[in-house]
Amino acid sequence: MGIAKTPSVVTLPEAQKPYPSILVFLASAFPGISRDTWAQRIAEGKVLDDNGNPIAADTQYVPAKRLFYFREVENEPVIPFPETILFQNDELLVAGKPHFLPVIPGGRFVNECLLNRLRASTGIIDLAPLHRIDRETAGLVIFSVNKKTRGLYHDLFMHGKITKTYHAIAEVHQPLQNDHWTVQNRIVRGEPRFRMKTVAGAVNAVSHIHLLKVQGNRGHFQLNPVTGKTHQLRLHMSGLGFRISNDRLYPDLLAEQNDDFNQPLQLLAKQVTFIDPITGKTVEFSSNQSLW
């Protein structure tokens, strides 16, 4: 059993009277967890109010009231690769994430995520990721250490003031006329929901793609996303006819299977550059990981 060491929080939304019971709300808000499981957690004192006191089965539903709970999963997978800390000061922590490790808790993962591993190893409970990369992708992730300055750094990502460089290895099967591409299109959530798709409409995703070299049928690419849509680089590469090696989602959704640690997705968040909003100086961080 994997049990989170730090609580998650949910806020009771506005609802029509008569208000539902908290149990009914939790069961509907988290359909992956059965009503009986929530009832058992409440009975065991595992759901807390703002003051840290366990709620009861008959605790009144109050809109805007916050509830705290600890995520639990059966048989949490163990990711057998270490993370690294590349830089740390009073404002930021820059980590190198291995393939297969999620950035934050989700699905089958509670403690086996970069955030909770770093909280455990550093003792910094207030760590918060300023951005995310896919579980399958390796490379740089930047965390805020200081709540007071977190918004300054978060704004850099929100307003596209971060220059990001990725490396990728992809299949190349035909003679190419170009080695530079700029892809601009619209990405939205597809079906199933974890898979994205491109559609007609206003552009919301832009990537610059550069083929560095070809060895056999493997191309080595540098990718510079201008925007940060989910799975953007994987979609843009597959749209050009370059399937990133070991990609199980794009261009075709392959059958679900357990992680094969010998075949990681060949995509790496290699470098970030930005002007530090506090010092005014240009800073650059590079991953010590490599695909080639």
Side-chain angles (χ1 to χ4, degrees), residues 6 9 82-99 101-105 113-135 137-168 180-187 202-210 212 220-234 236-237 267-291:
T6 55
V9 61
E83 70 282 0
T84 57
I85 296 176
L86 303 173
F87 174 84
Q88 184 178 349
N89 64 9
D90 292 337
E91 310 299 336
L92 300 175
L93 184 152
V94 181
K97 185 185 84 66
H99 292 285
L101 186 72
V103 173
I104 62 172
C113 69
L114 184 60
L115 175 60
N116 284 336
R117 281 190 181 184
L118 290 172
R119 282 173 170 170
S121 65
T122 65
I124 305 173
I125 301 302
D126 284 338
L127 272 181
L130 293 169
H131 65 117
R132 303 177 195 176
I133 60 178
D134 295 342
R135 184 176 80 85
T137 303
L140 296 177
V141 181
I142 303 177
F143 291 81
S144 165
V145 175
N146 185 349
K147 281 185 176 181
K148 294 181 180 179
T149 60
R150 185 165 299 161
L152 296 175
Y153 291 97
H154 188 259
D155 284 348
L156 297 178
F157 287 91
M158 290 296 293
H159 295 103
K161 296 181 180 179
I162 303 282
T163 299
K164 307 173 193 174
T165 299
Y166 286 70
H167 286 174
H180 284 79
W181 300 265
T182 294
V183 181
Q184 305 180 73
N185 54 24
R186 183 169 185 81
I187 293 177
V203 170
N204 66 359
V206 180
S207 302
H208 301 301
I209 296 172
H210 178 200
L212 301 176
H220 296 188
F221 292 82
Q222 176 178 301
L223 318 175
N224 296 102
V226 178
T227 54
K229 303 301 289 184
T230 299
H231 296 174
Q232 175 177 314
L233 294 176
R234 297 165 73 170
H236 284 177
M237 286 286 287
L267 181 61
L268 172 68
K270 184 64 178 179
Q271 188 177 81
V272 294
T273 305
F274 58 90
I275 297 176
D276 190 290
I278 295 178
T279 67
K281 297 180 179 179
T282 299
V283 295
E284 181 177 282
F285 298 111
S286 295
S287 170
N288 54 16
Q289 298 158 272
S290 179
L291 299 179

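The two residues Ala168 and Leu267 come nearest to each other via the heavy atoms CB-CD1, 3.9 Å. Closest of all the heavy-atom pairs between Asn116 and Pro105 is ND2-CG, 3.5 Å. Of all heavy-atom pairs between His236 and Ser207, the closest is ND1-OG, 2.8 Å. Taking each heavy atom of Val103 and Lys97 in turn, the nearest pair found is CG2-CD, 3.9 Å. Residues Pro98 and Ala138 approach most closely at C-CB, 4.1 Å, considering heavy atoms.
Side-chain N/O atoms of Ser287 and Gln271 include no donor and acceptor closer than 3.5 Å.
Under the 4.5 Å side-chain criterion, counting only non-hydrogen atoms from C-beta, His167 is not in contact with Leu223. Contact check for Leu115 versus Pro129: side-chain heavy atoms found under the 4.5 Å cut-off. At a threshold of 4.5 Å between non-hydrogen side-chain atoms, the residues Leu127 and Ser144 do not count as touching. The closest side-chain heavy-atom distance from Phe143 to Leu118 is below 4.5 Å. Between His208 and Val226 there is a side-chain heavy-atom pair separated by less than 4.5 Å. At a threshold of 4.5 Å between non-hydrogen side-chain atoms, the residues Ile124 and Arg119 do not count as touching. Using a 4.5 Å heavy-atom cutoff, the side chains of Val183 and Ile209 are in contact. Using a 4.5 Å heavy-atom cutoff, the side chains of Thr273 and Thr282 are in contact.
Between the Asn185 side chain and the Val203 main chain, no donor and acceptor come within less than 3.5 Å of each other.
Taking Arg117 as the reference, Glu83, Glu112 meet the salt bridge (charged side-chain N to carboxylate O under 4.0 Å, His left out) condition, with sequence neighbours excluded. In this view, Ser121 satisfies the side chain to side chain donor-acceptor pair (under 3.5 Å) rule with no residue, not counting sequence neighbours.
Atom CD1 of residue Ile142 and atom CZ of residue Phe285 lie 6.0 Å apart, to the nearest 0.5 angstrom. Leu93 contributes atom CG, which lies 8.5 Å from atom CG of Leu86 (distance to the nearest 0.5 angstrom).
More than 12 heavy atoms of other residues, nucleotides or ligands lie within 6.0 Å of CG in Asn89, so this atom counts as buried by the packing criterion. The environment of Ile85 atom CD1 is dense: over 12 non-hydrogen atoms of other residues, nucleotides or ligands sit within 6.0 angstrom.
Using a cut-off of 4.0 Å between Lys/Arg side-chain N and Asp/Glu carboxylate O, Asp134 and Arg234 are scored as salt-bridged.
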Identify each donor-acceptor pair in which a side-chain atom of residues 156-166 lies under 3.5 Å from a protein atom, sequence neighbours left out, and give them as a table.
residue: His159; atom: ND1; partner: Asp155; partner atom: O; Å: 3.0
residue: Thr165; atom: OG1; partner: Asn224; partner atom: ND2; Å: 2.9

Exercise. Can you check side chain to side chain contact (heavy atoms under 4.5 Å, CB included) on Val272 and Glu284, steps first, answer last?
Worked result: CA-CA 6 Å; Val272 294; Glu284 181 177 282; over 6 Å; no
